[in-house]
Amino acid sequence: MLPNVARPTGSYLNAPTYGPAFTRPVLRRAELSADPLWQFAQWFGEASEGGQQDPAAMTLATVDREGAPDARTVSLKDVDARGFIFTSHYGGPKGRDIEAQPRVALAFYWPSAGRQVRVVGIAERLPAAESDRYFEARSPVMRRALLAMPPSQPIADRRTLDDAVVGVVGRSGSPARPEWGGYVVRPRVMEFWQGQANRLHDRFRYEKEAEGWTLTRLTP
C-alpha cells in the first residue's frame, strides 16, 4: 500500500501551458508527395537533420478484445513501401492486442520541426526471415536480455530483473529468437500536421483508395 501524500489544490502543473510559437511558412498541397510514405520519409529526414531528439519515437495505440484502448511509445525500425516497421514480444500486451484487433494507430511528434504525423492502419507480423534479421542485428547482450523473463510481468524489485538478465547473458552459444519479432503497419489513412502561428495549423489527410491515395486539406 502506497502512503497517502498531501496533494496541492488546483492545478498540479502550477502554471498554464501553451503551445510553442511556430514560424514555418504555410504548407501548400503542391509541396506534398503523391505517396504519403515517401512524404513521411522526407519529413523524418528533416526532423533528424534539424536536431530532433529520437525522431524514431512512435506512439502505438491498440485496443484489446474488450475494446479497451492502450498506447505506448515504441521505436520505429524502418519504413518501406509496405508501411511502418517495429519489433515487439508477440506474447506481450502489444502482441496480444494486435492478435485480437490488428487495426492500430501511430503518432509521431517532432517539436523541433513543429510537425506531427498520424497513421491509421493494419498491423501484421513480418515474415520469420525478416524478424530473424532484426533479432540478429541486436547486440549479443540485447538478444539474451529478451530471454530473461516474459514482458510486462510483476517482479519483486530491480535486483530480480538484473539477476535474471545476468543469468541469461552469461550463457554460451547463440540464442534462438524467442516469441519476438517484427510487425509492419500498412497505412490506410495518414495525416500530416504542421504548426502555424495563431493556431491556424496546416493539416493534410491521405486516404488509401484502390488506385492510390486521395489528399484532402483539413481545418485546424
Side-chain angles (χ1 to χ4, degrees), residues 7-63 67-86 94 97 101-123 183-220:
R7 296 176 174 84
T9 59
S11 172
Y12 281 16
L13 300 181
N14 297 319
T17 59
Y18 301 97
F22 299 111
T23 59
R24 281 187 174 274
V26 170
L27 180 63
R28 306 294 183 184
R29 180 190 299 264
E31 300 171 24
L32 297 172
S33 171
D35 179 356
L37 288 164
W38 180 246
Q39 183 62 49
F40 175 87
Q42 291 180 294
W43 274 24
F44 184 91
E46 291 174 13
S48 300
E49 294 167 4
Q52 174 63 49
Q53 184 176 4
D54 196 8
M58 173 177 79
T59 299
L60 167 67
T62 59
V63 295
D70 201 354
R72 73 291 282 169
T73 301
V74 300
S75 181
L76 176 71
K77 297 302 182 186
D78 200 0
V79 178
D80 61 22
R82 296 170 298 178
F84 299 83
I85 295 170
F86 67 96
K94 293 188 292 294
D97 285 358
Q101 174 50 269
R103 288 181 294 180
V104 303
L106 310 174
F108 299 84
Y109 181 49
W110 302 312
S112 67
R115 287 170 168 172
Q116 175 181 245
V117 179
R118 298 169 58 204
V119 180
V120 177
I122 305 297
Y183 290 92
V184 58
V185 177
R186 298 181 183 271
R188 306 300 301 174
V189 177
M190 291 182 62
E191 181 184 307
F192 290 78
W193 176 98
Q194 183 168 287
Q196 295 293 347
N198 301 321
R199 318 302 290 177
L200 297 179
H201 309 310
D202 292 311
R203 290 175 62 197
F204 285 92
R205 180 176 63 203
Y206 291 82
E207 294 185 84
K208 184 70 173 175
E209 303 289 348
E211 301 301 324
W213 295 87
T214 62
L215 178 59
T216 306
R217 180 185 276 274
L218 304 176
T219 59

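Between the side chain of Arg29 and the backbone N or O of Phe204, no donor-acceptor pair lies under 3.5 Å. Formation of a donor-acceptor pair under 3.5 Å by the Glu209 side chain with backbone atoms of Glu211 is not found in this model. Looking at Arg82, its side chain never comes within 3.5 Å of a backbone N or O of Arg186 through a donor-acceptor pair. A donor-acceptor pair under 3.5 Å links the side-chain atoms of Arg203 to the main chain of Thr219, judged by distance alone. Judged by distance alone, the side chain of Glu207 and the main-chain N or O of Thr214 form no donor-acceptor pair under 3.5 Å. Not one N or O on the side chain of Gln116 forms a donor-acceptor pair closer than 3.5 Å with the backbone of Gln194.
Remark: Trp193 CH2 to Phe108 CZ distance equals 16.0 Å, nearest 0.5 Å. Atom CG in Leu218 sits 13.0 Å away from atom NE2 in His201 (nearest 0.5 Å). Rounding to the nearest 0.5 Å gives a distance of 11.0 Å between CG of Leu106 and CZ of Arg118.
Of all heavy-atom pairs between Arg24 and Gly195, the closest is CB-O, 4.5 Å. Minimum heavy-atom separation, Ser112 to Gly50: OG-O, 4.3 Å. Shortest non-hydrogen contact noted between Lys94 and Leu60 is CD-CD2, 3.7 Å. Across all their heavy atoms, Gln196 and Val26 have their closest contact at NE2-CA, 3.4 Å. The two residues Leu76 and Ile85 make their nearest non-hydrogen contact at CD1-O, 3.5 Å. The shortest heavy-atom contact between Ala57 and Thr73 is CB-CG2, 3.9 Å.
Among residues two or more places apart in sequence or in another chain, the ring-ring contact (aromatic ring centres under 6.0 Å, His included) test is passed with Trp213 by none.
Gln101 places none of its side-chain heavy atoms less than 4.5 Å from the side chain of Thr62. In this structure, Val185 and Phe86 have side chains that are in contact, with non-hydrogen atoms separated by less than 4.5 Å. Between Val104 and Tyr183 there is no side-chain heavy-atom pair separated by less than 4.5 Å. Side-chain atoms of Leu27 and Leu32, non-hydrogen and from C-beta on, do get closer than 4.5 Å to each other. Side-chain atoms of Phe84 and Val119, non-hydrogen and from C-beta on, do get closer than 4.5 Å to each other.
A distance below 6.0 Å separates the ring centres of Phe40 and Trp110.
No more than 12 heavy-atom neighbours from other residues, nucleotides or ligands sit within 6.0 angstrom of CZ on Arg103. Summarising the local packing, CG of Asp80 is surrounded by more than 12 heavy atoms from other residues, nucleotides or ligands at distances under 6.0 Å.
The residues Arg217 and Asp202 are annotated as salt-bridged, a charged nitrogen and a carboxylate oxygen being separated by less than 4.0 angstrom.
Identified under the side chain to side chain donor-acceptor pair (under 3.5 Å) test for residues 34-48, with sequence neighbours left out: Glu46-Arg115.
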